[in-house]
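All values below come from the heavy atoms of this structure, side chains included, with hydrogens, waters and symmetry mates left out. The chains referred to below are lettered A, B, ... by the order of the sequence lines, with proteins before strands, and numbering in each begins at 1. Note that the structure is predicted; figures quoted are calculated from it, not measured.
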Number of protein chains: 2
Amino acid sequence: MVEKFKEPQDSQTAEVDFGDFRMTKQRRAVFDVLHAERDHPTASEVYIRAKEQMPSISLATVYNCLETLTQAGLVKQVNVDREASRYCPNLKPHAHFFCSHCQEVYDVDLRPSADAVEPWALPEGSIVEHVEVAMKGCCPNCRGAGTKANA
Amino acid sequence: MVEKFKEPQDSQTAEVDFGDFRMTKQRRAVFDVLHAERDHPTASEVYIRAKEQMPSISLATVYNCLETLTQAGLVKQVNVDREASRYCPNLKPHAHFFCSHCQEVYDVDLRPSADAVEPWALPEGSIVEHVEVAMKGCCPNCRGAGTKANA
DNA sequence: GTGAATGCAAAACCTTTGCAACTGG
DNA sequence: CCAGTTGCAAAGGTTTTGCATTCAC
């Protein structure tokens, strides 16, 4: 279920240098943790979960692995607020929606044939290599459940 | 030039509670710093600049002031990567473009009658209160000057 | 075998907090 | 006057680093 390291999962994983990528137990464990839940755990949360399978793993190694996997294009780092970075195995272009009621993080797909950069008046000649979109608000669940969900 | 604290500068500053907003020398200094350069300084940078005009100001106070001004809707906090937050006095809806060559941060306006959320397939019933868009790439200046500008 | 990766602990960095002194309305 | 703000220093949380040991290729 997770045996697809060398398959670029979408067209974004072009310049990955797998020749320089040593697949250690720890990197595998971190990768597996991210794919097991598909929520958006922080490094600490990944550490806690990875420790269940591999008690000897260290937090520094989790950070190293997340960095390596991010470099390799196998994982995306999600930055919002001043909180800890979150990590996400969804390689398709997508945005993140943070519900301020239930504190959940949801992936939001790009509409078919839409372009994330489309609404923005970029100066002529700009080259956009990366776009990160973070939305905050109230998700449909919480909205249905009243304004102060999970109170 | 900076005498417009109580003028909402665009339609976003609706629920600001100015009744609870005491304009101290420090808050004024921080506000002025942000408007003087209009680059996107970090809290530390604001601190250094504010200290020139007011040597007694402390870093903690700068953080406090930035927080207060952000709450009041007079300033926007910009989060990218794991670096320190940057602050921006541009209240119009806009995105940020980080040039990875010159390290500059540019504001990018929303196209007329465009919607930042438009490209995204949000689930029915979502309420978006806030959108933060950060792009990374190469700005026209650096692109013209060759790939490794400011090297 | 060997260079790269790990684990540990300590450090670095950004940001917040507690509290006495001060100040703006 | 007095609640709210400041300044200082210390603490908190996240992430990085140095280095000896271990491991994947």
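- Between B:Gln77 and B:Thr24, the one whose closest nucleotide on DNA chain C sits nearer the 5' end is B:Gln77.
- For B:Met23, whose side chain is taken as the heavy atoms from C-beta onward, the closest listed nucleotide among C:dG25, C:dT15, C:dT17 is C:dG25.
- Contact annotation for B:Ser85: backbone-only contact, meaning every heavy-atom pair under 4.0 Å involves sugar-phosphate atoms and none involves a base.
- Distance from the side chain of B:Thr61 is smallest to D:dG7 among D:dG7, D:dA24, C:dC8.
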Please report the C-alpha distance between B:Val108 and B:His94 in whole Å, then the side-chain angles of each, then the deciding distance to 0.1 Å, and finally whether the side chain to side chain contact (heavy atoms under 4.5 Å, CB included) criterion is met.
CA-CA 5 Å; B:Val108 180; B:His94 66 283; 5.8 Å; no

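- Applying the 4.0 Å criterion to OP1 and OP2 of C:dT23, one finds that B:Lys25 has every side-chain N and O outside that range.
- Distance from the side chain of A:Ser56 is smallest for C:dG7 among the nucleotides C:dG7, D:dT15, D:dT6.
- The 5' end of DNA chain C is approached more closely, in terms of each residue's nearest nucleotide, by B:Tyr87 than by the other of B:Gln26 and B:Tyr87.
- The backbone N or O of B:His40 sits less than 3.5 Å from a side-chain atom of B:Arg86, completing a donor-acceptor pair.
- Judged by distance alone, the side chain of A:Gln53 and the main-chain N or O of A:Ala50 form no donor-acceptor pair under 3.5 Å.
- Among the protein residues, A:Thr42 comes within range of no part of the nucleic acid, since none of its heavy atoms lies under 4.0 Å from any strand.
- Listed for the B:Gln26 side chain is no donor-acceptor partner under 3.5 Å among the backbone atoms of B:Cys65.
- When each of B:Ile57 and B:Arg82 is assigned the nucleotide of DNA chain D bearing its nearest heavy atom, the one mapping closer to the 5' terminus is B:Ile57.
- For B:Arg22, whose side chain is taken as the heavy atoms from C-beta onward, the closest listed nucleotide among D:dT14, D:dT5, D:dT17 is D:dT5.
- Within the 3.5 Å criterion, the main-chain N or O of B:Asn64 finds a donor-acceptor partner in the side chain of B:Thr68.
- A donor-acceptor contact shorter than 3.5 Å is absent between the side chain of B:Thr61 and the backbone of B:Ile57.
- Under a 4.0 Å N-O distance rule, the pair A:Asp32/A:Arg49 does not qualify as a salt bridge.
- A rotation axis mapping the C1' atoms of four pairs onto the next four is fitted at both ends of the helix from C:dG1-D:dC25 to C:dG25-D:dC1 over five pairs, and the angle between these axes is 50° to 10 degrees.
- With D:dA9, D:dT6, C:dC8 as the candidates, the nucleotide lying closest to the side chain of A:Ala60 is C:dC8.
- At a threshold of 4.0 angstrom between heavy atoms, the contacts of A:Ala84 are confined to the sugar-phosphate backbone, with no base atom among them.
- Across the interface with DNA chain D, nearest-nucleotide mapping of B:Met54 and A:Tyr63 shows B:Met54 to be the residue nearer the 5′ end.
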